[in-house]
Amino acid sequence: MSVRGIDRAALLGDVVRAASWLASQLAAARRDGASCEVHCATVLGLDVAALTLRDPAIAGTAQEAADTFAGALRAGGGQPRDAVAFALVAALHPGESAFAPARGALTAAAHGVRPLEAGPDACAQVLGGDDAALAALCDRIELRGVRGNLAARRELGLALAARAFSAARAPTRSAFAMHVLRAAAGARLDPATTAEALAFARRQQRVDGAYGHLPVSTQTAGDLRAAFHLPWTVAALRLVHDALAPVPLVRAKTSRQPEGDSPSARK
Amino acid sequence: MEPRTRVGEGCWNWLASNRAAFEPFREDDPLRSKRLLAYGELTGILGNCLRRGARGDALGALTAFVRAGDAGYDWEAQAIRSPAFAVALAVRARFRIAAGLADAMPPPALARHVALRTLDALELAPYRAFELEHLLAACGLGSGRRTRFDRRLRDALAILAKPPSSFTNHDRYALTHLVFALCDDGTRRAEAVAARPALARLRWLVAVCGRMALLERDLDVLAELVSCVRYLELDEPWLVEAAFALAAASQDADGSLPTFAEPPPGDAGRFFERYHATLMWAHAAT
């Protein structure tokens with residue numbers, strides 16, 4: 001899909017740089033050890049980059065990252081706190097037994113969930129709910145999509161954009177903002193919002209390929225990079241993927257297609 | 001009573017009741033410069049509303065009050081002393097035409113500044129520079145300045161080329177003032193002077209920034225954005241209704257609305273904490 005006003009080639013170039021940064025993070029994680037959280041995010045980021053670019057080499061790196069993550073889990077490294085990310089990784093690597101606890105979590109989460117009806121109530125929920133309620137609403141949009149006419153969908157898109165850009169005033173909430181923008185972009189609610197969301201992500205990319213910035217005076221090494229840049233990078237990559245792919249990654253992984261198929265086949 | 005009507009009537013009545021506080025002509029007034037600014041804003045908004053055909057007791061009282069300022073101040077002398085005062089002079093000239101007090105002749109001091117190009121040397125924020133070009137054109141002094149008008153518009157749009165999360169308070173007012181000037185305060189279609197892609201982005205920004213202001217309960221800029229919605233002819237019934245509902249719920253019993261969520265430091269009094277938002281909501285409702 002093309003996004004009006006966005007240079008697709010430049011966007012894909014960003015993804016290549018981000019994948020390169022993630023590969024360097026994988027090397028560092030192997031060398032120095034890392035938490036399950038970091039492993040899980042690294043795998044997911046590389047997988048999303050590989051799907052977006054349809055790049056077998058990056059897919060191979062993602063598989064290596066998944067093997068490392070699985071090894072850490074088997075060694076008793078605990079469980080990632082981000083259940084959705086873990087479930088996505090499990091869905092993207094169906095043959096890996098170490099991810100079994102997370103397998104099926106997405107399908108279970110989608111069970112009984114209905115598409116969101118765009119309209120005044122949904123807009124009021126978006127603008128009035130707390131962060132947790134909004135995150136749940138965005139998950140629902142990603143899982144099941146949005147119903148409504150063009151005007152109501154645009155209205156919902158604008159409400160999501162307002163909430164996201166308001167949150168993004170605080171640097172520590174940019175990953176949350178990208179989640180909200182991803183839901184809007186993935187549901188094709190408003191072309192201008194999608195273009196602005198992608199431009200917002202593009203502006204966050206660092207020279208090394210990671211996304212995001214640290215609070216002033218913070219050291220730029222070790223766990224802090226993982227704590228700040230890694231979630232931002234994965235969030236940005238997922239936003240780019242869902243804006244370009246026919247359906248959001250989460251929905252693709254809960255649909256009836258055979259496990260392991262690319263969720264984002266594109267010409 | 002509908003929120004829009006209640007907000008409008010309450011605001012106009014408060015402004016009329018408090019019109020003496022806008023009076024900027026007492027030399028010994030320590031708040032004179034603040035009052036002069038407020039008086040200029042009142043003059044501009046009144047002129048806009050009169051040009052769009054608004055009438056009423058409160059508007060009549062305020063019009064008479066501003067008209068009385070003709071005798072209270074040597075406007076031309078101030079414009080000769082300070083070229084930056086050209087903006088106030090142009091706003092006043094437009095008010096006088098709208099109120100039926102003058103024909104379309106530009107003020108001589110303004111024409112002199114244009115002829116001598118002194119206004120081109122002013123250091124103004126891009127949106128202010130565009131506003132000035134718009135005002136000069138509106139005062140009949142735009143001849144030969146079309147290239148400048150287009151360049152100023154480009155410069156004003158350029159500072160908005162960033163995500164709304166990066167907008168400062170200044171940027172949000174730059175957006176609203178740019179729209180006001182583009183649309184000649186609701187009497188011109190923006191398409192007449194701006195290209196479609198630029199307008200598409202302005203429309204998106206107004207729609208999103210309006211919702212952000214609603215979310216952040218920033219009443220002052222919300223009022224200006226509601227006026228932008230109308231001027232750009234956006235189909236935004238939900239936003240406008242929600243904005244007026246918030247304004248009605250925030251309106252004081254005396255009809256005024258607070259400009260700031262937190263009053264700024266210093267004790268300039270209740271009038272200065274409320275006049276701007278009250279004026280802007282009166283404008284938005286009219």
Side-chain angles (χ1 to χ4, degrees), chain A residues 4-5 118-131 134 148-178 180-181 184 189-204 213 236 239, chain B residues 3 157-172 175-176 195-219 221-222 224-226 228-229 232-247 249-250 261:
Chain A
R4 201 173 56 199
D121 288 348
C123 288
Q125 270 182 281
V126 169
L127 292 177
D130 61 21
D131 282 6
L134 181 58
N149 62 30
L150 209 63
R153 292 169 65 84
R154 175 184 167 272
E155 187 88 47
L156 181 63
L158 292 171
L160 288 166
R163 187 67 193 269
F165 286 118
S166 184
R169 286 189 204 280
T172 51
R173 296 177 74 212
S174 271
F176 171 75
M178 284 203 209
V180 178
L181 290 172
L189 297 177
D190 171 42
T193 295
T194 302
E196 293 281 345
L198 291 171
F200 172 72
R202 289 211 69 202
R203 288 187 181 96
Q204 310 286 325
H213 55 86
L239 167 59
Chain B
L157 286 164
I159 65 163
L160 302 175
K162 53 190 173 186
S165 50
S166 301
F167 274 29
T168 60
N169 221 23
H170 180 266
D171 293 331
R172 294 196 294 172
L175 169 64
T176 59
R196 275 172 191 269
L199 280 179
R201 180 138 205 284
L202 280 182
R203 290 193 163 106
W204 183 85
L205 281 175
V206 166
V208 169
C209 289
R211 284 165 175 80
M212 288 171 75
L214 192 65
L215 183 65
E216 294 160 9
R217 303 176 74 86
D218 189 333
L219 284 165
V221 79
L222 180 59
E224 296 199 10
L225 287 161
V226 167
C228 292
V229 165
L232 288 171
E233 300 173 61
L234 298 184
D235 183 22
E236 290 285 358
W238 183 87
L239 173 61
V240 172
E241 190 179 323
F244 275 107
L246 176 65
S250 310

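Chain identifiers are assigned alphabetically (A, B, ...) following the order of the sequence lines, protein sequences preceding nucleic acid strands; residue numbering begins at 1 within each chain.
- Across all non-hydrogen atoms, the minimal contact from E155(A) to E236(B) is OE2-OE1, 3.8 Å.
- Of the two parts of R201(B), only the side chain, counted from C-beta on, holds a non-hydrogen atom closer than 4.5 Å to a non-hydrogen atom of chain A.
- Applying the 6.0 Å contact sphere to CD of E241(B) captures no more than 12 heavy atoms from other residues, nucleotides or ligands.
- Per-residue heavy-atom pair counts under 4.5 Å with chain A were compared for R203(B), M212(B), K162(B), and the maximum is reached by M212(B).
- If you measure heavy-atom distances from S174(A) to chain B, you find no contacts under 4.5 Å at all.
- One distance of note links CG of L205(B) with CZ of F165(A); it measures 9.5 Å at 0.5 Å rounding.
- Across all non-hydrogen atoms, the minimal contact from P163(B) to R203(A) is CD-NH1, 3.2 Å.
- For the pair A162(A) and R211(B), the tightest heavy-atom approach, listed with the atom from each and the gap, is CB-CB, 3.3 Å.
- Taken to the nearest 0.5 Å, the CH2 atom of W238(B) stands 10.0 Å off from the CG atom of L158(A).
- Crowding of D235(B) atom CG: a count of heavy atoms from other residues, nucleotides or ligands under 6.0 Å not exceeding 12.
- Heavy-atom pairs under 4.5 Å with chain B were tallied for R163(A), R154(A), E196(A); the largest tally goes to E196(A).
- For a residue to count as touching a neighbouring chain, one of its non-hydrogen atoms must lie under 4.5 Å from one of that chain's; by this rule A199(A) does not touch chain B.
- Here the OG atom belonging to S165(B) is positioned 7.0 Å from the CD atom belonging to Q204(A), to the nearest 0.5 angstrom.
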